[in-house]
Novice: 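Before anything else, here's the structure in question.
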Amino acid sequence: MNIAVLGAQFGDEGKGKIVDLMTPHFSLVARYQGGHNAGHTVYVNGKKFVLHLIPSGILHDGVLCVIGNGVVVDPQALFKEIEELAQLGIDVGDRLLISEKAHLILPYHRELDVLSEARRGERKIGTTSRGIGPAYEDKIGRRGIRVCDLVDTQALADEVRENVSARNRIIKDSTLDWKPVYDQLLAFGARMRRWTGDVSLALDEARRNGRRILIEGAQGAMLDIDHGTYPFVTSSNATIGGACTGLGIPPKAIGGVLGVAKAYLTRVGEGPFPTELSGQMGDRLRETGQEYGASTGRPRRCGWYDAVAVRYAVRINGIDSIALTKLDVLDGLETIDICTEYKVGDRTITEFPSDINMQGPYTPVYESLPGWTAPTKGARDYNQLPPEARRYIARLEEVSGVPVGLISTGSDRAETIIRPGSIVSSWLS
Ligand code: GDP
Ligand code: IMO
Ligand code: MG
């Protein structure tokens with residue numbers, strides 16, 4: 001059965017760790033959206049790997065890592081990542097397949113991203129400045145350049161000339177020449193060719209041969225272009241529909257959905273965050289959880305678990321089970337709060353609002369649970385967890401409306417509990 005792993009919050013839930021530890025049960029790992037705005041961290045025996053574009057299954061031999069048509073690929077970032085992996089002893093070799101239909105991020109997309117943020121001023125999104133938004137804008141505007149377009153043709157020359165001249169009109173005093181951009185693109189194309197192909201066809205063939213596919217989301221439900229806290233979102237569908245359109249697979253190819261959620265909540269960049277903690281508790285979570293962006297190093301905003309948001313992620317993605325990460329970060333707290341609903345004036349809000357940016361403030365309603373003193377850090381057995389931690393998890397299951405099948409108690413692969421009898425354990429048997 002093929003399983004999708006995706007973020008149930010604002011990204012950085014620990015998807016990389018979860019995908020890596022599940023990979024031995026699969027033959028292929030496939031990314032379907034986003035680009036190198038993602039930073040997926042995997043620790044193996046104390047060694048740190050941060051994956052941006054390449055799926056988090058790459059550390060396992062014999063696994064084919066797939067980049068779908070829904071991903072936006074910056075060739076320079078791709079080559080850099082391949083080189084960095086080589087330095088860490090991981091040879092990508094022929095274990096990478098990039099969709100010919102994937103759109104490219106070009107150097108001027110990065111400039112346009114920065115410029116657009118500067119223009120927004122106070123209303124900025126807080127993007128990763130990787131050119132993600134402008135590349136998807138070109139894709140939807142039907143002027144994007146795809147991996148399969150990187151051949152010396154008049155059509156490519158015309159497209160690049162037109163795109164560069166449009167960019168020169170937007171960026172003041174800019175006189176970028178299209179020809180060096182064109183030549184660079186041809187060089188990128190030649191270097192990428194060994195890894196490119198028809199992803200939809202390859203995945204179909206894999207399925208027909210009984211090879212299992214692990215689908216890896218980037219970002220998270222609340223950053224989804226349609227379902228997130230628009231406009232403070234990324235420019236792709238991080239939610240489950242993106243997996244079908246971004247890989248060219250039918251919905252029935254996806255047998256299960258695992259939502260990854262932190263035992264608290266973080267967000268990087270601007271936008272609404274009702275349970276954000278600005279004082280000492282926020283700092284405590286940031287320092288203990290080492291909440292600094294894996295891609296940009298920016299400090300992440302920290303707050304309590306928001307069950308309104310997770311319930312929403314469960315509904316729109318059809319999440320079967322939650323992988324609850326970073327439980328150990330809560331070790332030693334006297335009390336832990338869970339937001340179960342919001343209030344606006346006298347009104348109680350139980351469903352995640354569409355207009356969360358406009359109306360408000362949405363004030364969180366908290367339930368306080370006792371914390372625990374014995375450490376959960378590194379626990380590998382559910383019964384090893386202090387009773388208060390088990391109670392916290394049980395309450396999260398009730399208010400989120402979904403069982404927790406996997407609990408992560410540290411950043412290493414091994415620091416994980418897979419609950420016996422859970423759906424996650426059946427997926428991995
Ligand atoms: P992703 O983008 O969803 O893959 O998550 P990131 O890699 O951006 O951020 C998650 C961070 O938490 C990484 O530094 C992980 O190494 C770390 N991490 C993952 N699971 C755990 C856990 O259970 N406990 C602790 N302490 N750290 C974790
Ligand atoms: P992973 O896959 C957390 C956020 C940015 C910004 C918004 C838009 O590691 O979970 P963009 O550059 O995509 O146009 O930025 O989305 N963002 C992420 N936040 N984790 C990510 O990826 C993110 N990718 C983008 O901070 O608020
Ligand atoms: Mg991340």
Side-chain angles (χ1 to χ4, degrees), residues 5-21 31 33-44 46-53 55-56 71-72 105 109-110 112-114 116-117 124-137 216-225 228-236 238 259-264 266-273 285 287-301 323-331 375-379 406-417:
V5 175
L6 43 77
Q9 295 165 329
F10 289 108
D12 299 332
E13 299 91 347
K15 299 175 291 294
K17 169 185 164 160
I18 304 298
V19 167
D20 167 74
L21 76 91
R31 273 275 309 269
Q33 46 69 238
H36 66 305
N37 49 349
H40 296 180
T41 316
V42 180
Y43 277 93
V44 186
K47 203 164 164 185
K48 182 180 182 181
F49 301 85
V50 183
L51 286 319
H52 300 283
L53 263 172
S56 305
V71 175
V72 281
I105 299 180
H109 287 134
R110 286 195 291 272
L112 291 172
D113 195 349
V114 173
S116 154
E117 285 284 271
K124 71 174 195 288
I125 310 292
T127 71
T128 58
S129 319
R130 301 289 196 266
I132 305 290
Y136 278 117
E137 280 177 44
E216 175 179 4
Q219 290 82 53
M222 249 53 70
L223 290 174
D224 182 277
I225 184 74
T229 55
Y230 191 90
F232 301 100
V233 292
T234 192
S235 298
S236 66
V260 187
K262 273 180 198 172
Y264 49 100
T266 64
R267 171 166 207 163
V268 58
E270 307 302 318
F273 184 172
L285 290 173
E287 291 318 311
T288 314
Q290 278 303 296
E291 295 296 355
Y292 295 91
S295 273
T296 59
R298 288 181 290 175
R300 294 173 181 150
R301 300 155 65 193
L324 190 71
T325 60
K326 304 194 100 164
L327 184 69
D328 54 294
V329 174
L330 303 179
D331 286 357
T376 67
K377 171 87 178 99
L406 186 156
I407 299 150
S408 173
T409 57
S411 50
D412 201 88
R413 241 182 219 170
E415 296 176 307
T416 308
I417 299 168

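Just follow the structure's listing: the first ligand is 1, and inside any ligand the first atom is 1. Side-chain atoms are counted along with the backbone in the values below, which use heavy atoms only and exclude waters and symmetry mates.
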Novice: Please report which non-hydrogen protein atom sits nearest to atom 15 (O) of ligand 2, along with the residue it belongs to and the distance in Å to one decimal place.
Specialist: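 Here the closest protein heavy atom is T127 CA, 3.4 Å.
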Novice: What is the nearest protein non-hydrogen atom to atom 6 (P) of ligand 1, stated with its residue, atom name and distance?
Specialist: G39 O, 3.5 Å
Novice: Give me the residue, atom name and distance of the protein heavy atom closest to atom 7 (O) of ligand 1.
Specialist: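 Minimum-distance protein heavy atom for atom 7 (O) of ligand 1 reads T41 OG1, 2.6 Å.
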Novice: Angle subtended at the Mg ion (ligand 3) by OD1 of D12 and O of G39, to 10 degrees?
Specialist: 160°
Novice: For ligand 1, note which part of H52 has a heavy atom under 4.0 Å away: side chain, backbone, both or neither.
Specialist: neither
Novice: Based purely on interatomic distance, does T325 place a nitrogen or oxygen under 3.5 Å from a nitrogen or oxygen of ligand 1?
Specialist: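 Checking ligand 1 against T325, no N or O pair falls under 3.5 Å apart.
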Novice: Can you tell me which residue and heavy atom of the protein come closest to atom 10 (C) of ligand 1, and the distance to 0.1 Å?
Specialist: D12 O, 3.7 Å
Novice: In the protein, what heavy atom is nearest to atom 11 (C) of ligand 1, and what distance, to one decimal place, separates them?
Specialist: K326 NZ, 3.6 Å
Novice: For atom 2 (O) of ligand 2, what is the closest protein heavy atom, and at what distance to 0.1 Å?
Specialist: H40 NE2, 2.7 Å
Novice: Do I105 and H36 have side-chain heavy atoms sitting under 4.5 Å apart?
Specialist: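 Contact flag for I105/H36 side chains = yes.
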Novice: Suppose I only count heavy atoms of G16 and a 4.0 Å limit; which atoms of ligand 1 are within that range?
Specialist: 4 (O)
Novice: Closer than 4.0 Å to some heavy atom of G269 - which atoms of ligand 2 meet that?
Specialist: 27 (O)
Novice: Between E13 (side chain only) and G11 (backbone N and O only), is there a donor and an acceptor less than 3.5 Å apart?
Specialist: yes
Novice: Is the closest side-chain heavy-atom distance between D224 and Q219 below 4.5 Å?
Specialist: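 Not touching, per the 4.5 Å side-chain cut-off.
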Novice: Mark up the atoms of ligand 1 that fall under 4.0 Å of a heavy atom belonging to H40, in ascending order.
Specialist: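 The list of qualifying atoms is 1 (P), 2 (O), 4 (O), 7 (O).
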Novice: Taking side chain as C-beta onward, heavy atoms only, is Q9 less than 4.5 Å from R267?
Specialist: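 They are not in side-chain contact.
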Novice: Do L51 and V19 touch side chain to side chain, with heavy atoms closer than 4.5 Å?
Specialist: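 The answer is no; the side chains never approach within 4.5 Å.
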Novice: Would you check whether G410 has a nitrogen or oxygen atom less than 3.5 angstrom from a nitrogen or oxygen atom of ligand 1?
Specialist: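 There is such a contact, yes.
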Novice: Do you know the tightest heavy-atom contact between P272 and T229?
Specialist: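 Shortest heavy-atom separation between P272 and T229 comes out as CG-CB, 3.7 Å.
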Novice: If we ignore hydrogens and angles and just use 3.5 Å, is the side chain of R31 paired with the main-chain N or O of Q33 as donor and acceptor?
Specialist: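 Judged by distance alone, yes, a pair lies under 3.5 Å.
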Novice: Please list the nearest protein heavy atom to atom 9 (O) of ligand 1 with its residue and the distance rounded to 0.1 Å.
Specialist: R300 NH2, 3.5 Å
Novice: Is the shortest N/O to N/O distance between E13 and ligand 2 below 3.5 Å?
Specialist: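 No, since none of the N or O atoms of E13 sits under 3.5 Å from an N or O of ligand 2.
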Novice: Report yes or no: does D328 contribute a side-chain atom to a donor-acceptor pair with the main-chain N or O of K377 at less than 3.5 Å?
Specialist: no
Novice: Does any N or O atom in V329 lie less than 3.5 angstrom from one in ligand 1, N or O only?
Specialist: no
Novice: Quick one: are I125 and P231 in side-chain contact, heavy atoms under 4.5 Å?
Specialist: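 Yes, side chains in contact.
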Novice: Taking the side chain as everything from C-beta on, heavy atoms only, tell me whether R300 gets closer than 4.5 Å to F10.
Specialist: no
Novice: Does an N or O from K262, backbone or side chain, lie closer than 3.5 Å to an N or O of ligand 1?
Specialist: no
Novice: Please indicate whether any nitrogen or oxygen in G11 is less than 3.5 Å from any nitrogen or oxygen in ligand 1.
Specialist: no
Novice: With a cut-off of 4.0 Å, which atoms of ligand 1 are near a heavy atom of Y43?
Specialist: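 Reading through ligand 1 atom by atom, the close ones are 16 (O).
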Novice: Just jot down the ligand 2 atoms closer than 4.0 angstrom to any heavy atom of R298, in number order.
Specialist: 5 (C), 26 (O)
Novice: Could you identify the single nearest non-hydrogen protein atom to atom 5 (C) of ligand 2 and state the distance to 0.1 Å?
Specialist: G126 O, 3.5 Å
Novice: Do the non-hydrogen side-chain atoms of T296 and N37 ever get within less than 4.5 Å of each other?
Specialist: no
Novice: List the closest protein heavy-atom neighbour of atom 24 (N) of ligand 1: residue, atom name, distance to the nearest 0.1 Å.
Specialist: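 Looking only at protein heavy atoms, the one closest to atom 24 (N) of ligand 1 is D328 OD1, 2.8 Å.
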Novice: Return yes if some donor-acceptor pair links the side-chain N/O of K326 with the main-chain N/O of G14 below 3.5 Å, else return no.
Specialist: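 Pair absent, no side-chain N/O of K326 close to backbone of G14.
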Novice: Find all atoms of ligand 1 within a distance of less than 4.0 Å from any non-hydrogen atom belonging to K17, and give their numbers and elements.
Specialist: 20 (N)
Novice: Among all protein heavy atoms, pick the one closest to atom 13 (O) of ligand 2 and tell me residue, atom and distance.
Specialist: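 Checking every protein heavy atom, the shortest distance to atom 13 (O) of ligand 2 gives T234 OG1, 2.6 Å.
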Novice: Is it true that a side-chain atom of R301 and a backbone atom of G269 form a donor plus acceptor pair closer than 3.5 Å?
Specialist: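 Yes.
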Novice: Give the residue and atom name of whichever protein heavy atom lies nearest to atom 7 (C) of ligand 2, and the separation in Å to one decimal.
Specialist: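 Answer, as residue, atom name and distance: V233 O, 3.9 Å.
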Novice: Give the residue and atom name of whichever protein heavy atom lies nearest to atom 22 (O) of ligand 2, and the separation in Å to one decimal.
Specialist: Q219 NE2, 3.4 Å
Novice: Need the ligand 1 atom indices (1-based, order shown) with element for anything under 4.0 Å from a heavy-atom of S408.
Specialist: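 Taking each heavy atom of S408 in turn, ligand 1 has 20 (N), 21 (C), 22 (C), 23 (O) under 4.0 Å.
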Novice: Among all protein heavy atoms, pick the one closest to atom 27 (O) of ligand 2 and tell me residue, atom and distance.
Specialist: V268 O, 3.2 Å
Novice: Which atoms of ligand 1 are found less than 4.0 Å from any heavy atom of T409?
Specialist: 23 (O)
Novice: Provide, to 0.1 Å, the distance between atom 3 (C) of ligand 2 and the closest protein heavy atom, together with that atom's residue and name.
Specialist: D12 OD2, 3.2 Å
Novice: Testing the 3.5 Å rule here: is there a donor-acceptor pair between the side chains of D113 and T127?
Specialist: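 The answer is yes; a qualifying pair exists.
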Novice: Check each atom of ligand 2 against the heavy atoms of F10 and keep those under 4.0 Å away; list them by number with element.
Specialist: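 Contacts of ligand 2 toward F10, numbered from 1: 3 (C), 19 (N).
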Novice: When you compare the side chain of K17 with that of T325, does any pair of heavy atoms fall below 4.5 Å?
Specialist: no
